[in-house]
Undergrad: 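Got a structure for you, written out below as structure tokens; questions coming shortly.
Order of listing sets the numbers, starting from 1, for every ligand and every atom in it.
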Amino acid sequence: MSPPAPQADRVIVLRIRRQDRPEASHRWEEFAVPRRPNMNIISCLQYIAAHPTTTDGTSTTPVVYDSNCLEEVCGACTMLINGKVRQACSALVDRLGQPSSGAGEAGEPITLEPMGKFPLVRDLFVDRQRLFNDLKRAKCWVPIDGMYDLGPGPATSQELQKERYPLSRCISCGCCLEACPQYTSGNHFVGAAIFTQVKLFNIHPSGAVLKEERLDVMMDEGGIADCSKAGNCVVVCPKNIPNLESIATVGRQAVIHAIKRFFSG
Ligand code: SF4
């Protein structure tokens, strides 16, 4: 049974790029959604899932998208909204576009597209596995030896906690990679999300055990030398992570690592 239609004073139109399979051609479909106060893009997609009919009255399939936490923590619902990469859960309809433009009202649709830097699964759903593979490749974790009680870890100063905390807020959403001119499907560039996690774990007292191995990866193909420092990663990051500072730090660490390696043979 369909859920009851919400009381609407206005209608939002969403123009959504649809693609049934990775190898299929895409199409655009428009949906009208009754406007309610404080709607986000996910709530629009939920309405469309319950009422998969386009504005011209054609019955279609529900739009496929990825989401989980709905509070900008899981990073799953990244997509292009009006051409800008961001999280659908924190994209409030009332704040999209210029307030005076009436963005989203009939005649001026809100456009939704999948990220273009990751393989498409279907509609707005992409596969971010490359990001997670690169986190593994760069050993972005604190190594532990077994599952037994290791006792308390080394104490960290408040200064170090303050430096690490902003970096730990990364949600692996991929916004920084989508916006990066260096990150393409044809190369192995790891991008800002990985540089920030390399810094986070290299300055962790226990994580530093793997610092040399991480820097080997950073000096490899797709590593720090391939960054053009365009800075888009900072502009689009929903967590305001200072990615350019991470890039500078990892760059310095990699140079010192290379010099040490040169003299140690
Ligand atoms: Fe997302 Fe920011 Fe992490 Fe990049 S650095 S994956 S934009 S949270």
Side-chain angles (χ1 to χ4, degrees), residues 40-42 65-92 96 112-121 124-142 161-185 187-204 207 214 217-218 222-224 226-254:
N40 62 5
I41 291 298
I42 293 292
Y65 61 97
D66 195 7
S67 72
N68 192 358
C69 73
L70 307 185
E71 54 182 358
E72 213 177 67
V73 170
C74 73
C77 65
T78 315
M79 60 183 71
L80 302 183
I81 301 173
N82 287 344
K84 291 185 184 157
V85 67
R86 57 183 300 179
Q87 303 287 280
C89 61
S90 55
L92 300 179
L96 285 175
L112 304 183
E113 299 166 79
M115 285 197 284
K117 299 286 180 78
F118 297 93
L120 185 102
V121 178
L124 303 172
F125 183 17
V126 298
D127 181 357
R128 290 177 294 138
Q129 190 59 46
R130 172 176 167 182
L131 194 170
F132 303 114
N133 288 345
D134 285 339
L135 286 170
K136 283 192 262 180
R137 187 177 148 207
K139 300 188 190 315
C140 296
W141 58 73
V142 173
Q161 290 173 30
K162 275 186 199 160
E163 189 178 359
R164 293 190 73 245
Y165 177 69
L167 313 180
S168 72
R169 298 179 72 228
C170 177
I171 55 174
S172 302
C173 64
C175 288
C176 55
L177 308 179
E178 176 72 14
C180 176
Q182 299 299 104
Y183 194 87
T184 71
S185 58
N187 65 24
H188 298 290
F189 185 52
V190 296
I194 309 303
F195 297 141
T196 279
Q197 294 310 295
V198 165
K199 176 179 176 182
L200 175 70
F201 289 104
N202 277 0
I203 62 176
H204 185 279
R214 290 190 199 100
V217 176
M218 292 297 96
I224 195 75
D226 292 349
C227 176
S228 66
K229 302 177 185 61
N232 297 355
C233 51
V234 177
V235 176
V236 299
C237 178
K239 295 298 182 184
N240 299 318
I241 293 174
N243 284 313
L244 279 177
E245 288 175 26
S246 303
I247 290 164
T249 302
V250 172
R252 275 196 303 276
Q253 290 178 349

Undergrad: For residues Phe195 and Cys227, report the shortest heavy-atom separation together with the two atoms involved.
TA: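 So the minimum-distance heavy-atom pair works out to CE1-CB, 4.2 Å.
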Undergrad: For Asn187 and Thr184, does a side-chain donor sit closer than 3.5 Å to a side-chain acceptor?
TA: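 Yes, Thr184 and Asn187 have a side-chain donor paired with an acceptor closer than 3.5 Å.
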Undergrad: Output all residues satisfying side chain to side chain contact (heavy atoms under 4.5 Å, CB included) with Asp134, sequence neighbours left out; order by chain, then residue number.
TA: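 Only Arg130, Arg137, Val190, Ile194 meet the side chain to side chain contact (heavy atoms under 4.5 Å, CB included) criterion with Asp134.
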Undergrad: Heavy-atom distances under 4.0 Å decide this one: backbone, side chain, both or neither, for Asn243 against ligand 1?
TA: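 It is the side chain that gets close, since no backbone atom is under 4.0 Å.
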Undergrad: Any salt bridge (Lys or Arg N to Asp or Glu O under 4.0 Å) involving residues 166-183? Give me the pairs, sequence neighbours left out, ordered by first then second residue.
TA: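 Applying salt bridge (Lys or Arg N to Asp or Glu O under 4.0 Å) to every pair that reaches into residues 166-183, excluding sequence neighbours, yields nothing.
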Undergrad: Ring centres under 6.0 Å, that's the criterion: do Phe125 and Phe118 meet it?
TA: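 Centroid separation for Phe125 and Phe118: 6.0 Å or greater.
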Undergrad: Please table the atom pairs, donor to acceptor, closer than 3.5 Å between any side-chain atom in residues 71-81 and protein atoms at least two apart or in another chain.
TA:
| residue | atom | partner | partner atom | Å |
| --- | --- | --- | --- | --- |
| Glu72 | OE2 | Ser90 | OG | 2.5 |
| Thr78 | OG1 | Gly75 | O | 3.1 |
| Thr78 | OG1 | Gln87 | NE2 | 2.6 |
| Thr78 | OG1 | Cys173 | O | 2.9 |

Undergrad: Which atoms of the protein, restricted to N, O or S, are nearer than 2.8 Å to atom 1 (Fe) of ligand 1?
TA: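 Correct list: Cys173 SG.
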